Amino acid sequence: MQSVLIASEESQILIRIINNSFQTLDSIKNRISHTIDLFCSKANDNLIDARRFQCGHSFSGQHDTVTSDSENQFKLRGEERFSEFSDGDKQEPEGAVFSALDAMLKGSLDRLKSMRESISWDHISNKSFSMEANYNQDITTIRALCSEGKLGAALSLWAKMMKKCVVPDIITHNYLINGLCKIGHLEKAEWLLEEMFCRGPFPSCATYNILVKAYCGLNNLDSALNIFSTMAYNGVTPNIVTYNILVHALCKKGLVEDARKLFDKILCEDQDQDKSHLISSTILMDGFFKTGHMTQALTYWGEISRRNLPVDVVAYNVVIHGFGLSRDIAIAYKYVCEMFKNGILPDIFSYNTLISMLCKDGRTSEACYVHGVMSKMGVTPDKVTYKILVQGLCTHGDVIKANYFLHLMLESSIVPKPVIWNTIIDHYARCGNMQKALSIRDEMIGVGVLPNVFTYNALIHAQIQSGNIIEAHSLKEEMLLNGLSPDLVTYNLLLGAACYLGKIHLAFQLYNEMLKAGLYPDIITYTELLKCYCLLGKISEAEDLLVKIQGLGLIIDHVPFQILMKKYCKMKELDKAYKLYEQWLMRDK
DNA sequence: GCCTCATCGA
């Protein structure tokens, strides 16, 4: 049953009766707290205070709102409290005390239950029940809206409930905070956290975990750690999920050693949760694989076996991916076989990982074969599968087969993202099949996918390669008409073409245009201009430009030096060429 | 119940 707080006029009688019960419960609770404090002095003092604060927050003060499930909440908190201490210390006498306390609490709860049952529900209940049903419906709606990312509607319903003094439960609040974080509204999420302190319910560990994860996701470890310390300050004890989020964030930043230290801390503090420890080990194993530390990664795999942790499909996928990174396809296959043997069926990640490593290794036919196998095994290829295949096939020169998979996607009702179309357009264009490139562009528009700057750059590149400079320029105009801004690549392509044709004025016109558009010319832009000067025999301008480039603080490769050196050689100015060679050798010193 | 791990990446 979802807990809903009700404060309607009809419920006033009930509220008064239950308030009296709360006073009884409060005194029982205080007695229990006192006894626990006496017996569990070894336990963490902060934790006790925090828990007491948590209980106080919910059960003391003016009860102008009442939890319909409050006895259950109290029971739960009592149980949490017992288990928390009994985990740390399992000595016999304390066990007896806990049993006695448990019995006391149970007795009190039974009394409360009978008090509530003795209330004559007839005069007040019908309306209250229907109200509660409405509120439960509202809660379901809020959760659904959050899952769909409709946070505006969710929050307005939340505000409506709060206005009526109906406080949705903690899980619903967590849905709201999670929803806000997922759409990037972290400030609003933190605002809601503050609201929870003022108006309830008190944030749980999951509430904080959501925020910690959101900040980690934005690569803002500082803010994540800040939330983590706020959590401790407010008396909420981090759980293994919190640590796993932090271990993962450290791994993502490449700080695998720090992640390992944090993992060791988890191992020391908590020995029991196999499932979560498997997750911690998987995160670290992945982190070590991705940073190239094969041996350390495999240590965690060994550790998983040694501790007999129940291995899941994710752990296998990490290992398979790890061997893929080191191009050990045979070993990756071995682990796929092991999965089958252990009754763990490869999932979409396993197959995609395998297909990806085969494509990277140029084994595209085998990748296509695996695509067939996965379908037969009941794992439907997804947009990632097709993206890997299309890109892999194009890279290895099989644009026709890539096009076949593009159409297979359409048949499977998956609308390919622009990147897939662009890859195929680019590769048709590169093999000189301009017609096909343009027809794929039209097909793309036909299924409702709008060309983006990459599409146009691929087409412009192709037109330039075919020597159609005018068409290339009209594509640039078309981009502007369609609301797309040409980027650095667009300008470099057109500028390079102008330079190749020796049209230095056009090249500088484009150069000025890109500056006006707020784009920063890069080393390719300058190299093209330098090449143009050399082509036109304007050596002093080329020399000046090289000096200018060196003063810009750009990372310069050997190309501009090489162009000018070749020109010197052609001009039989070997001294100048040699001097430039020396300058190039010395450029980083 | 809400929160933790894996595939791609022009």
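The model shown is predicted, which means the values in this text are computed figures rather than measured ones. A note on names: the letters A, B, ... follow the listed sequences, proteins ahead of strands, and every chain is numbered from 1.
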Gap between atoms [atom1] and [atom2], on [X] and [N] respectively (whole Å):
{"X": "Phe263(A)", "N": "dT4(B)", "atom1": "CZ", "atom2": "P", "answer": "19 Å"}
{"X": "Leu151(A)", "N": "dC2(B)", "atom1": "CG", "atom2": "C1'", "answer": "14 Å"}
{"X": "Tyr316(A)", "N": "dT7(B)", "atom1": "OH", "atom2": "P", "answer": "18 Å"}
{"X": "Asn239(A)", "N": "dC2(B)", "atom1": "CG", "atom2": "C1'", "answer": "12 Å"}
{"X": "Tyr243(A)", "N": "dC5(B)", "atom1": "OH", "atom2": "C1'", "answer": "18 Å"}
{"X": "Ile210(A)", "N": "dC3(B)", "atom1": "CD1", "atom2": "C1'", "answer": "5 Å"}
{"X": "Lys252(A)", "N": "dG9(B)", "atom1": "NZ", "atom2": "C1'", "answer": "14 Å"}
{"X": "Lys417(A)", "N": "dG9(B)", "atom1": "NZ", "atom2": "P", "answer": "16 Å"}

State, yes or no, whether a side-chain contact exists between [X] and [Y] at a heavy-atom distance under 4.5 Å.
{"X": "Pro201(A)", "Y": "Asp169(A)", "answer": "no"}
{"X": "Tyr316(A)", "Y": "Ser350(A)", "answer": "no"}
{"X": "Phe323(A)", "Y": "Met357(A)", "answer": "no"}
{"X": "Phe405(A)", "Y": "Leu408(A)", "answer": "yes"}

N/O donor to acceptor pairs below 3.5 angstrom from side-chain atoms of residues 328-337 of chain A, sequence neighbours left out:
from	atom 1	to	atom 2	distance (Å)
Asp328(A)	OD2	Ser326(A)	OG	3.1
Tyr333(A)	OH	Glu366(A)	OE2	2.8

Which part of the nucleic acid, if any, lies within reach of [X] when heavy atoms closer than 4.0 Å are counted: base, sugar-phosphate only, or nothing?
{"X": "Lys387(A)", "answer": "base"}
{"X": "Tyr175(A)", "answer": "sugar-phosphate"}
{"X": "Asn452(A)", "answer": "base"}
{"X": "Asp382(A)", "answer": "nothing"}
{"X": "Val318(A)", "answer": "sugar-phosphate"}

Heavy atoms from C-beta onward define the side chain here; which of [options] lies closest to that of [X]?
{"X": "Val384(A)", "options": "dT7(B), dC3(B), dC5(B)", "result": "dT7(B)"}
{"X": "Asp169(A)", "options": "dA10(B), dG1(B), dC3(B)", "result": "dG1(B)"}
{"X": "Asn244(A)", "options": "dT4(B), dC3(B), dA10(B)", "result": "dT4(B)"}

Is the shortest side-chain N/O distance from [X] to OP1 or OP2 of [N] below 4.0 Å?
{"X": "Lys213(A)", "N": "dC3(B)", "answer": "no"}
{"X": "Asn178(A)", "N": "dC3(B)", "answer": "yes"}
{"X": "Gln391(A)", "N": "dC8(B)", "answer": "no"}
{"X": "His321(A)", "N": "dC5(B)", "answer": "no"}
{"X": "His248(A)", "N": "dT4(B)", "answer": "no"}

Considering only heavy atoms, which members of [range] lie under 4.0 Å from some atom of DNA chain B?
{"range": "residues 419-429 of chain A", "value": "Val419(A), Asn422(A)"}
{"range": "residues 280-300 of chain A", "value": "Thr282(A), Ile283(A), Asp286(A), Lys290(A)"}
{"range": "residues 339-360 of chain A", "value": "Asp347(A), Phe349(A), Asn352(A), Thr353(A), Ser356(A), Lys360(A)"}

Criterion salt bridge (charged side-chain N to carboxylate O under 4.0 Å, His left out) on Glu338(A) and Lys341(A), from CA distance to verdict:
CA-CA 5 Å; Glu338(A) 197 183 300; Lys341(A) 259 197 278 179; over 6 Å; no

Does Glu303(A) come within less than 4.0 Å of Arg306(A), counting only side-chain N to carboxylate O?
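A salt bridge is present here (some side-chain N lies under 4.0 Å from a carboxylate O).
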
Of all residues at least two apart in sequence or in a different chain, which pass the side-chain contact (heavy atoms from CB on, under 4.5 Å) check with Asp557(A)?
Ile523(A), Val559(A), Pro560(A)

Listed by chain and number, what are the side chain to side chain donor-acceptor pair (under 3.5 Å) partners of Gln391(A), not counting sequence neighbours?
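With neighbours one apart ignored, the set is empty.
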
Could you tell me if [Y] and [X] have a donor-acceptor pair between their side chains, going purely by distance under 3.5 Å?
{"X": "Asn209(A)", "Y": "Asn174(A)", "result": "no"}
{"X": "Glu528(A)", "Y": "Tyr491(A)", "result": "no"}
{"X": "Asn422(A)", "Y": "Asn457(A)", "result": "no"}
{"X": "Thr141(A)", "Y": "Asp138(A)", "result": "no"}

